[in-house]
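Since the structure comes first, as structure tokens, the remarks are kept for the end.
Below, each value reflects all heavy atoms present in this structure, side chains not excepted, and no hydrogens, waters or symmetry copies. Whatever order the structure lists ligands and atoms in, that order sets their numbers, starting from 1.
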Amino acid sequence: MSFETILVETRGPVALITLNRPKALNALCDQLVTELGQALDAFEADGAIGAIVVTGSERAFAAGADIKEMAGFSYMDVYNSNFITAKWERLAKCRKPTIAAVAGFALGGGCELAMMADFILAADTAKFGQPEVTIGTIPGAGGTQRLTRFVGKSKAMEMVLTGRMIDAAEAERCGLVSRVVPAAELVEEAVKVATKIASLSQPVVAMAKESVNAAYETTLAEGVRFERRLFHSTFATEDQKEGMAAFAEKRQATWKNR
Ligand code: CAA
């Protein structure tokens, strides 16, 4: 795989995708979002990959959609092409576990892209914000919806209506990120966490992910029912038999991904 706006590598069972438009603070132009989707397609199809980390640079995860690219678009341009942000959903739709490792700015579409990952690991330098209103538009890649579900109405409203950025500590306090780590350790820590996930049964991890995601789509009663059905499904896997036998026999489980 060769790309111009992202870098891809594998570290054992983990795929690492690095957004790479340093001069534009990783602004999410059409080419970058297209290439990100292609890389996710390839890694999702690769049975050797158990988890995917998406990161940026020390200065910016991504400073948003590319303002220069979209500035002149007309309504018909963006409506007819279902403008760019529909493509971003590829990350949210990835069936394999995904981690956004965020250092520096994650603004506008950058914050929205990070929120499409399963969870966000933040460097102590991370800054999150939805500044679209300050440039005459509103979040267009799920910001008003995901941010509100993740941090609650008051904080989401304040961020979306003022464009105020929050730092990593505030992001951790309000539940936007799972953890904050020193910037120098961010990628290594994200790969370490991804390696742990990738060492488990892929179908069981996929079911766990699907079930947590259902919490954002449905009522509590329906979500609990859905969870129970998936929980029952794990008993049809060889990996459930292996995992519980290995526990009883005090040995490491050998997963078959079946
Ligand atoms: N689009 C295009 N280019 C961008 C960009 C963006 N979102 N963000 C930064 N850049 C470019 C700058 O234009 C600049 O390029 P030049 O050197 O060619 O002028 C370069 O990246 C470095 O940026 P700055 O000089 O501005 O760096 P700074 O350290 O002074 O400021 C910043 C950093 C606060 C992140 C500032 O760049 C900024 O405010 N960026 C825009 C943030 C923003 O409004 N994002 C929302 C975009 S809209 C959106 O995302 C819609 C959606 O929901 C999908």
NZ/NE/NH1/NH2 to OD/OE distance under 4.0 Å, [X] and [Y]:
{"X": "K96", "Y": "E44", "value": "no"}
{"X": "E4", "Y": "R21", "value": "no"}
{"X": "R229", "Y": "E227", "value": "no"}
{"X": "E170", "Y": "K127", "value": "no"}

Going by the order shown, which atoms of ligand 1 are within less than 4.0 Å of some heavy atom of [X]?
{"X": "E112", "value": "52 (C), 53 (O), 54 (C)"}
{"X": "M70", "value": "48 (S)"}
{"X": "E132", "value": "48 (S), 49 (C), 50 (O), 51 (C), 52 (C), 53 (O)"}
{"X": "G140", "value": "52 (C), 53 (O)"}
{"X": "F105", "value": "33 (C), 35 (C)"}
{"X": "G64", "value": "50 (O)"}
{"X": "P139", "value": "53 (O)"}
{"X": "A27", "value": "1 (N), 2 (C), 6 (C)"}

With backbone taken as N, CA, C and O and side chain as the heavy atoms from C-beta onward, which portion of F83 lies under 4.0 Å from ligand 1: side chain, backbone, both, or neither?
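For F83, there is no contact with ligand 1 at all, from either part.
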Return the residue, atom name and 0.1 Å-rounded distance of the protein heavy atom closest to [atom].
{"atom": "atom 39 (O) of ligand 1", "value": "L107 CD1, 4.7 Å"}
{"atom": "atom 15 (O) of ligand 1", "value": "K68 NZ, 3.3 Å"}
{"atom": "atom 37 (O) of ligand 1", "value": "L25 CD1, 3.8 Å"}
{"atom": "atom 30 (O) of ligand 1", "value": "R59 NH2, 4.7 Å"}
{"atom": "atom 44 (O) of ligand 1", "value": "P131 CG, 3.6 Å"}
{"atom": "atom 4 (C) of ligand 1", "value": "A24 O, 3.8 Å"}
{"atom": "atom 20 (C) of ligand 1", "value": "K23 O, 3.3 Å"}
{"atom": "atom 42 (C) of ligand 1", "value": "A63 O, 3.3 Å"}

Distance, nearest 0.5 Å, that separates CD1 of I6 from CD1 of I17
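I6 CD1 to I17 CD1: 5.5 Å, rounded to 0.5 Å.
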Working to the nearest 0.5 Å, report the span between CD1 of I197 and CD1 of I99.
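Going from CD1 on I197 over to CD1 on I99, the span is 4.5 Å.
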Is there a side-chain contact between [X] and [Y] in this structure, where contact means two heavy atoms from C-beta onward sitting under 4.5 Å apart?
{"X": "V177", "Y": "V180", "value": "yes"}
{"X": "V53", "Y": "V187", "value": "no"}
{"X": "T10", "Y": "I49", "value": "yes"}
{"X": "V133", "Y": "L161", "value": "no"}

Validation row, ring centre F235 to ring centre F231 under 6.0 Å
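Aromatic pair counts; centres sit under 6.0 Å.
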Short N or O distance, [X] and ligand 1, threshold 3.5 Å exclusive:
{"X": "I67", "value": "yes"}
{"X": "G109", "value": "yes"}
{"X": "M165", "value": "no"}
{"X": "T137", "value": "no"}

Verify the contact flag for [atom], where contact means a protein heavy atom under 4.0 Å away.
{"atom": "atom 33 (C) of ligand 1", "result": "yes"}
{"atom": "atom 53 (O) of ligand 1", "result": "yes"}
{"atom": "atom 26 (O) of ligand 1", "result": "no"}

A quick test of your reading: do over 12 heavy atoms of other residues, nucleotides or ligands sit less than 6.0 Å from CD1 of I135?
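Counting other residues, nucleotides and ligands, CD1 of I135 exceeds 12 neighbours.
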Please step through side chain to side chain donor-acceptor pair (under 3.5 Å) for the pair Q240 and T234, ending with a clear verdict.
CA-CA 6 Å; Q240 175 268 333; T234 64; over 6 Å; no
Would F128 end up clustered with F61 when hydrophobic side chains under 4.5 Å apart are linked, directly or stepwise?
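Yes, same cluster.
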